[in-house]
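Atoms considered below: every heavy atom in the structure, side chains included; atoms not considered: hydrogens, waters and symmetry mates. Model, not experiment: these values are computed from the prediction.
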Amino acid sequence: KDDRIWKPELDKASNGYAVIRFLPTPKNEDLPWVRVFNHGFKGPGGWYIENSLTTLGNNDPVSEMNSQLWNSGVESDKEIARNRKRRLSYFSNILVVSDPKNPENEGKVFLYKFGKRIFDKIMDKMQPEFEDDEAVNPFDLWTGTNFRLKIRKVAGFTNYDKSEFASPSAILDGDDEKLEELWKSQYSLQEFLSPSNFKSYDELKDKLNSVLKGDSRYTETAETSAIREESSTETSKESNDNSEDVQNEDALSYFEKLANEG
């Protein structure tokens with residue numbers, strides 16, 4: 001457990017509500033968020049729960065094995081690859097504006113871990129689909145906007161569809177001194193990308209083979225080794241849809257443009 005990471009508390013019906021404000025890019029960093037890929041699945045030898053080296057743009061043994069499974073053309077293999085695909089998480093600094101379940105958190109800076117659904121809402125706010133919708137940078141201290149987090153349980157899954165951004169407003173009434181203090185109190189995001197948070201390729205391969213021990217079809221073979229040496233990018237279904245990469249590049253361009261305009 002990391003006490004720096006804020007998590008909304010849900011009621012007995014798995015519903016939750018809070019208001020948060022996404023904060024700007026920390027000092028000496030490029031974006032107001034980082035993204036981390038990981039894998040989590042169970043095999044005959046136990047659980048495999050590890051950060052993926054693809055987060056750092058490197059080869060990862062699970063992604064390579066998923067490539068082999070997907071490219072086999074066998075539907076049962078594809079289903080295994082789906083079950084072992086990468087999971088995507090984002091981390092940002094936030095200010096907790098309203099937390100009805102834990103009001104002692106209000107007015108404090110935390111890290112917030114969230115998924116693609118919420119990230120899509122952020123991107124839609126920054127780069128709206130329709131021309132008559134105003135583009136807003138939700139991370140701006142003066143012209144950004146609070147985020148109303150509305151959590152429901154739908155068909156057994158956590159759902160964020162009703163979450164929405166409020167009208168643009170300044171934090172702390174736009175007091176520059178207080179805003180600077182708030183900005184300086186943010187946590188580094190780059191630490192999530194530190195090599196110390198990732199095992200080496202060989203360590204992950206050993207862990208994967210241990211987890212899959214007893215299922216010889218899906219331990220490393222000469223074929224998966226060849227895939228690894230021939231290609232530096234995964235070719236499985238999980239990366240054929242490169243929308244996350246496109247979004248990240250678009251977002252980086254967006255913030256570079258803001259910096260140049262400033």
Inset, instruction - Taking only Lys NZ, Arg NE, NH1 and NH2, and the carboxylate oxygens of Asp or Glu, determine whether E191 and R4 approach each other closer than 4.0 Å. - result: yes
Legend entry - Any residue meeting ring pair (Phe, Tyr, Trp, His ring centres under 6.0 Å) with F165, in chain and number order, not counting sequence neighbours: F147
Legend entry - Under 3.5 Å: donor-acceptor pair, side chain of D11, backbone of N15: yes
Legend entry - Flag, side chain of K108 to backbone of E104, donor-acceptor distance under 3.5 Å: yes
Legend entry - Partner residues of E106 under the side-chain hydrogen bond (donor to acceptor under 3.5 Å, both in side chains) criterion, sequence neighbours left out: none
Inset, instruction - Mind running side-chain hydrogen bond (donor to acceptor under 3.5 Å, both in side chains) on N66 and S63 for me, showing each step along the way? - result: CA-CA 5 Å; N66 280 350; S63 292; 5.5 Å; no
Inset, instruction - Check whether any side-chain N or O of D60 sits under 3.5 Å from a backbone N or O of L53 as a donor-acceptor pair, and report yes or no. - result: yes
Inset, instruction - Show the numbers, then the answer: is there a side-chain hydrogen bond (donor to acceptor under 3.5 Å, both in side chains) between E9 and Y17? - result: CA-CA 8 Å; E9 184 177 337; Y17 176 81; over 6 Å; no
Legend entry - Nearest-0.5 Å distance, CZ of residue R87 to CZ of residue F41: 10.0 Å
Legend entry - Charged N-O contact under 4.0 Å between E79 and R82: yes
Legend entry - Donor-acceptor contact present, side-chain K121 to main-chain S163, <3.5 Å: yes
Inset, instruction - Using atom types as modelled and distance alone, determine if a side-chain donor or acceptor of N93 lies under 3.5 Å from a backbone N or O of L111. - result: no
Inset, instruction - With rounding to the nearest 0.5 Å, note down the distance linking CH2 in W6 to CZ in F114. - result: 12.0 Å
Legend entry - Expected output: side-chain S89 to main-chain G115 donor-acceptor under 3.5 Å: no
Inset, instruction - Could you walk me through whether Y112 and L149 pass side chain to side chain contact (heavy atoms under 4.5 Å, CB included), step by step? - result: CA-CA 12 Å; Y112 178 46; L149 188 62; 3.5 Å; yes
Inset, instruction - Determine yes or no for a side-chain-to-main-chain donor-acceptor pair under 3.5 angstrom, with D140 supplying the side chain and T143 the backbone. - result: yes
Inset, instruction - State whether the side chain of Q127 and the backbone N or O of D124 hold a donor-acceptor pair below 3.5 Å, judged by distance alone. - result: no
Inset, instruction - Check whether any side-chain N or O of E203 sits under 3.5 Å from a backbone N or O of S200 as a donor-acceptor pair, and report yes or no. - result: yes
Legend entry - D173 CG to K178 NZ distance, which is reported to the nearest 0.5 Å: 7.5 Å
